[in-house]
Amino acid sequence: MRPFIKKFIFNSSSSSSSNDEVEDILLFEAERLSLEMSRGSTSCERRLYIDRGSIEGHNRLFNDYFAENPVYPHDRFRRRFRMSRNLFLRIQAAVEAHDPYFRQKRNAAGKLGLSSLQKITASLRMLAYGVTADFMDEYVRIGESTAITSLKKFTRVIISIFGAEYLRSPNSNDIARLLAIGENRGFPGMLGSIDCMHWKWKNCPSAWKGMYTGHIHEPTLILEAVASYDLWIWHAFFGMPGALNDINVLDRSNVFSELTQGRAPAVDFYAIFVKTIPAPQNNKTKHFVRCQESARKDVERAFGVLQSRFVIVRGLARYLEPNTLNDIMIACVVLHNMIVEDERHLHPQLDNNTYEDIEEGLPTPTVTHDRTPEFQDFIDRHIGIRSRDVHSQLQSDLVEHLWNIHSLA
């Protein structure tokens with residue numbers, strides 16, 4: 001229709017037809033187009049508007065979980081939101097104050113929009129259950145596009161507000177506590193265990209699939225993490241392609257950045273990994289393997305708890321943008337640490353008193369903040385980290401140390 005009109009106008013400009021005739025033709029075509037649209041015989045349809053009743057959705061959500069006498073008790077809230085109500089309200093207040101997007105506003109017609117409770121609840125349910133964006137529409141009354149926008153903004157705000165506190169390197173007090181616990185477990189100088197986890201990327205662009213596909217035979221992204229006995233994740237480095245192995249990821253991560261720059265605390269064995277012994281031949285080495293494999297389970301347990309709390313990182317990653325996936329993973333790690341801190345009193349560690357007694361007699365490591373060392377010092381530290389001789393000597397010393405503890409027990 002439109003090419004015909006344009007052609008007719010072009011031809012009429014060079015003829016003797018009057019402007020009135022052109023206007024009559026255009027008016028006739030406009031009326032015909034309007035009639036076709038009313039009959040649904042054209043693809044130019046109006047956007048469908050759904051009145052979801054967002055106010056009713058907010059009231060239902062508030063009465064179910066946040067009222068003075070809610071419908072569902074605290075244990076149901078904890079199971080469905082993966083955190084206590086007090087922690088949720090703390091997060092909600094911080095997010096609402098930080099980003100105006102989460103504040104309830106009126107539109108141009110004066111109608112109230114979605115509340116922060118609805119947007120944050122939809123975001124958390126998507127993280128916790130790994131569901132699609134429109135899954136919460138029937139209960140929370142939030143559209144698919146709004147739920148996706150809320151999730152992206154929520155993860156960025158969580159990292160911006162809480163990332164510096166809940167995804168930081170251990171300070172002097174943390175190091176003293178971790179060293180005391182490591183000493184009590186038979187590994188002097190142990191701060192935690194390190195490992196990598198793969199997250200399958202369902203919607204990986206076809207051009208990148210070769211780069212992101214490794215031994216799992218599907219495109220994946222890698223999370224490198226360091227976790228301690230209490231499931232706290234001290235270091236998270238995410239986004240490397242799944243075709244890389246753990247050593248390649250380690251070379252690219254910043255886990256040793258402070259150590260190589262001379263700002264790491266002066267503690268024994270801090271720069272060295274302790275691996276297991278394949279095919280141990282005697283009782284000493286067999287005992288060491290049992291202890292080492294027991295201690296390295298810390299990070300594997302942390303991965304398991306992280307994936308059970310936030311199923312989105314256990315299932316298939318559906319988003320196309322690597323930056324979005326990075327925000328989701330790091331935000332889940334930050335929220336995981338916040339939950340660990342909030343519920344620490346519910347899961348007391350064994351022999352806490354013993355650890356505290358050890359801490360009292362343990363010299364507190366000092367963290368230096370001197371200028372960046374010379375390049376040769378930087379190289380020397382890297383060589384020390386990668387030294388096989390140092391690792392072998394450390395492993396032998398720990399074998400003897402653990403065997404002596406076992407013999408005295």
Side-chain angles (χ1 to χ4, degrees), residues 48-162 306 308-315 318-319 324 327-328 331-332 334-336 338-339 341-343 346:
L48 179 63
Y49 172 74
I50 301 176
D51 186 4
R52 290 180 168 83
S54 58
I55 301 300
E56 291 79 2
H58 167 80
N59 293 335
R60 183 189 305 111
L61 178 64
F62 181 83
N63 293 329
D64 284 347
Y65 295 104
F66 301 98
E68 185 175 353
N69 295 310
V71 175
Y72 299 102
H74 294 288
D75 60 332
R76 300 294 176 89
F77 186 101
R78 167 65 183 80
R79 186 170 67 183
R80 294 171 181 174
F81 286 81
R82 301 296 195 264
M83 63 182 66
S84 66
R85 190 170 68 172
N86 290 335
L87 179 58
F88 179 94
L89 294 176
R90 174 192 167 195
I91 293 173
Q92 183 232 350
V95 168
E96 193 175 22
H98 186 272
D99 192 341
Y101 173 80
F102 290 94
R103 301 169 194 164
Q104 191 174 30
K105 297 180 287 291
R106 295 185 182 273
N107 59 19
K111 183 178 179 181
L112 278 174
L114 295 166
S115 66
S116 60
L117 289 179
Q118 291 169 288
K119 294 178 180 179
I120 296 175
T121 297
S123 302
L124 279 176
R125 293 291 178 91
M126 292 169 65
L127 295 176
Y129 298 131
V131 295
T132 56
D134 62 344
F135 182 80
M136 297 299 298
D137 189 9
E138 296 176 344
Y139 176 67
V140 181
R141 300 297 183 178
I142 184 171
E144 180 180 10
S145 60
T146 308
I148 294 175
T149 302
S150 299
L151 175 66
K152 293 180 179 180
K153 289 182 175 291
F154 178 73
T155 52
R156 287 196 293 266
V157 170
I158 286 294
I159 297 171
S160 177
I161 299 176
F162 302 106
L306 177 68
S308 64
R309 280 177 175 157
F310 303 104
V311 179
I312 192 172
V313 300
R314 185 178 64 190
R318 301 187 182 95
Y319 295 95
T324 300
D327 291 341
I328 290 174
C332 287
V334 172
L335 291 171
H336 165 84
M338 296 179 71
I339 297 171
E341 180 189 64
D342 184 62
E343 299 182 353
L346 301 177

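All of these numbers come straight from a predicted model, not from anything done at the bench.
Taking the centre of each ring, Tyr65 and Phe88 stay at or above the 6.0 Å mark.
Between Leu61 and Leu117, the shortest heavy-atom contact is CD2-O, 3.6 Å. Between Gly130 and Val311, the shortest heavy-atom contact is N-CB, 4.2 Å. Across Pro100 and His98, no two heavy atoms sit closer than the pair CD-O, 3.9 Å. Heavy-atom minimum distance, Lys119 versus Leu114: CE-CB, 3.8 Å. Here the closest non-hydrogen pair linking Ala147 and Ala133 is CB-O, 3.4 Å.
A distance-only check finds a donor-acceptor pair linking the side chain of Arg103 to the backbone of Ala97 [under 3.5 Å]. A donor-acceptor distance shorter than 3.5 angstrom exists from the side chain of Gln118 to the backbone of Ser54, with no hydrogens or angles considered. Formation of a donor-acceptor pair under 3.5 Å by the Asn63 side chain with backbone atoms of Asn59 is found in this model. Looking only at distances, a side-chain donor or acceptor of Tyr129 sits under 3.5 Å from a matching main-chain atom of Arg80. At least one donor-acceptor pair under 3.5 Å links the side chain of Gln104 to the backbone N or O of Gly113. Checking side-chain atoms of Arg85 against main-chain N and O of His74 turns up no donor-acceptor pair under 3.5 Å. Of the possible polar contacts, none joining the Ser160 side chain to the Arg156 backbone as a donor-acceptor pair under 3.5 Å is found. No donor-acceptor pair under 3.5 Å is formed between the side chain of Glu96 and the backbone N or O of Ala93.
Considering only heavy atoms from C-beta on, Ile328 comes within 4.5 Å of Tyr319 through its side chain. Here the side chains of Leu89 and Gln92 are in contact, with some heavy-atom distance below 4.5 Å. Side-chain contact between Tyr101 and Val157 is absent, with no heavy atoms from C-beta onward closer than 4.5 Å. Asp342 is not listed as a side-chain neighbour of Met83, based on a closest heavy-atom distance of 4.5 Å or more. Two residues are said to be in side-chain contact when any heavy atoms from C-beta on lie closer than 4.5 Å; Ile120 and Phe81 fail this criterion. Side-chain atoms of Asp137 and Arg52, non-hydrogen and from C-beta on, do get closer than 4.5 Å to each other.
The line from CZ of Arg76 to CG of Asp64 is 12.0 Å long, rounded to the nearest 0.5 Å. The CE atom of Met126 lies 11.5 Å from the CZ atom of Phe135; values are rounded to the nearest 0.5 Å. Taking CG from Leu127 and SG from Cys332, the interatomic distance works out to 4.5 Å, rounded to the nearest 0.5 Å. Atoms OG1 and CD1, from Thr324 and Ile148 in turn, are 10.0 Å apart once rounded to the nearest 0.5 Å. The structure places CZ of Arg82 at 9.0 Å from CZ of Arg125, a figure rounded to the nearest 0.5 Å. Summarising the geometry, atom OG belonging to Ser116 is positioned 12.5 Å from atom CD1 belonging to Ile91; distances are rounded to the nearest 0.5 Å.
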Next item on the list: Kindly indicate, with the supporting measurements, whether the criterion side chain to side chain contact (heavy atoms under 4.5 Å, CB included) is fulfilled by Phe162 and Met338.
Entry: CA-CA 9 Å; Phe162 302 106; Met338 296 179 71; 3.8 Å; yes

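Asp134 and Thr132 are linked by a side-chain donor-acceptor pair at a separation below 3.5 angstrom, with hydrogens and angles left out of the test.
Residue pairs meeting the salt bridge (Lys or Arg N to Asp or Glu O under 4.0 Å) criterion with at least one member in residues 140-155: none, sequence neighbours excluded.
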